[in-house]
Amino acid sequence: MNILDKFHHWRRKMRWDKQYKSGRWDSLASEKELKRYQQIIDYIETHGNKNPSVMDIGSGDGVLTMRMQQTPYSYFLGLDFSKVSIEKAKARKLPNAEFETADAITYIPKRKFDVIIFNEAFYYIHDTKKQEVLDRMISALNGDGIIITSIYREGTGCWEFFKDHTNLKELDFTNVTTDEELRYWKVGVYAKL
Ligand SMILES: C[S@@+](CC[C@H](N)C(=O)[O-])C[C@H]1O[C@@H](n2cnc3c(N)ncnc32)[C@H](O)[C@@H]1O
């Protein structure tokens, strides 16, 4: 990233903080979004280890963790570069869960995980950093770990990183639709090879 990219990146981070502060993203916890969280949870239950450790990159204010309260997990780490979203996630006081302000572009995981999730977050990673970030996160997966990705609508320029990755094998891929034509997500689950 050149200096201009870094400036825009910083500005975007500030924008996320402002939006989380204003409640702009409270809608993520609404019923309208439920199906995509449910699809991710179904994939964790179907393809993940029992009682998995989970890292959620770009976790926002912890909606996925909140939605997972009926699904046993041994440890949940949510990361987001928006400090405000992380403060909101911490305020939920969810069991066995930690939330950390961290930028996916530079974050180096301190342990291995059974499940790593990019839930509506991968497309925000700068194009020149997508490969590097994905590779770094794959190296933090346990041998039998899985990666789950959810992307709003088509996700052009994102899916190739997962589908064509030499160390990933697609286990399943779903279109999550709603009664609104333009509100849909694609969700994929990948095993580490
Ligand atoms: C649409 S929100 C999704 C939040 C959450 N995953 C969910 O679905 O409930 C995208 C999130 O990605 C975060 N994000 C964007 N770029 C990031 C980066 N480089 N590092 C960490 N988080 C990032 C934003 O702050 C925001 O919380």
Side-chain angles (χ1 to χ4, degrees), residues 1 5-44 54-69 71 73 76-92 94 97-110 113 115-137 140 147-155 157-158 161-162 174 176 178 182-189:
M1 281 160 68
D5 292 333
K6 285 183 181 161
F7 170 69
H8 285 307
H9 183 68
W10 170 83
R11 228 172 43 164
R12 270 194 294 273
K13 183 167 72 164
M14 295 294 119
R15 197 180 309 139
W16 280 109
D17 266 343
K18 206 169 148 194
Q19 292 179 345
Y20 274 109
K21 208 172 273 174
S22 73
R24 157 86 171 77
W25 293 100
D26 289 355
S27 58
L28 294 181
S30 74
E31 296 301 298
K32 283 185 169 193
E33 301 275 329
L34 182 59
K35 277 179 88 180
R36 80 172 153 92
Y37 293 99
Q38 199 51 57
Q39 183 60 59
I40 293 170
I41 294 167
D42 285 353
Y43 277 159
I44 294 174
V54 181
M55 176 163 66
D56 183 12
I57 299 159
S59 63
D61 59 358
V63 177
L64 176 63
T65 332
M66 183 185 79
R67 295 275 185 214
M68 271 185 69
Q69 291 312 296
T71 304
Y73 59 84
F76 194 109
L77 175 64
L79 301 174
D80 203 290
F81 74 169
S82 158
K83 194 166 172 279
V84 177
S85 75
I86 290 297
E87 280 162 7
K88 287 188 167 195
K90 282 182 176 169
R92 294 185 193 274
L94 294 160
E98 288 186 315
F99 292 91
E100 200 177 315
T101 306
D103 190 331
I105 286 178
T106 48
Y107 183 76
I108 298 175
K110 297 172 191 74
F113 292 88
V115 180
I116 293 181
I117 301 170
F118 289 97
N119 181 12
E120 301 304 307
F122 192 72
Y123 41 50
Y124 295 115
I125 307 289
H126 193 273
D127 280 347
T128 62
K129 294 287 177 184
K130 282 187 168 70
Q131 190 67 57
E132 187 188 317
V133 168
L134 182 57
D135 290 348
R136 194 181 328 121
M137 298 314 170
I147 289 210
I148 300 172
T149 307
S150 169
I151 298 183
Y152 188 50
R153 297 185 184 161
E154 293 308 310
C158 288
F161 288 91
F162 295 86
T174 310
V176 177
T178 65
L182 291 177
R183 185 186 294 273
Y184 65 93
W185 303 268
K186 292 174 187 255
V187 186
V189 55

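In each ligand, atom 1 is the first atom listed, and ligand 1 is the first ligand listed. Everything quoted here is computed from the prediction, not taken from an experiment.
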Output block, N or O contacts of ligand 1, threshold 3.5 Å exclusive:
unit_1   : atom_1 : unit_2 : atom_2 : d
ligand 1 : 6 (N)  : G58    : O      : 2.7
ligand 1 : 6 (N)  : N119   : O      : 2.7
ligand 1 : 8 (O)  : R36    : NH1    : 2.9
ligand 1 : 8 (O)  : R36    : NH2    : 3.4
ligand 1 : 8 (O)  : Y37    : OH     : 3.3
ligand 1 : 8 (O)  : N119   : ND2    : 3.3
ligand 1 : 9 (O)  : Y37    : OH     : 2.6
ligand 1 : 19 (N) : D103   : OD1    : 2.9
ligand 1 : 20 (N) : A104   : N      : 2.9
ligand 1 : 22 (N) : F81    : N      : 3.2
ligand 1 : 25 (O) : D80    : OD1    : 2.6
ligand 1 : 27 (O) : Y20    : OH     : 2.7
ligand 1 : 27 (O) : D80    : OD1    : 3.4
ligand 1 : 27 (O) : D80    : OD2    : 2.6

Applying side chain to side chain contact (heavy atoms under 4.5 Å, CB included) to K129 and not counting sequence neighbours gives M1, I105, I125, H126, E132, V133
Check your understanding: Where do D26 and K88 land on the salt bridge (charged side-chain N to carboxylate O under 4.0 Å, His left out) test, with the steps shown first?
Key -> CA-CA 10 Å; D26 289 355; K88 287 188 167 195; 3.7 Å; yes
By side chain to side chain contact (heavy atoms under 4.5 Å, CB included), A121 pairs with (sequence neighbours left out) none
Residues passing the ring pair (Phe, Tyr, Trp, His ring centres under 6.0 Å) test with Y107, sequence neighbours excluded, are none
Any donor-acceptor N or O pair under 3.5 Å, side chains D17, S82:
yes
- Are side-chain N/O atoms of Q38 and Y43 paired as donor and acceptor at under 3.5 Å? no
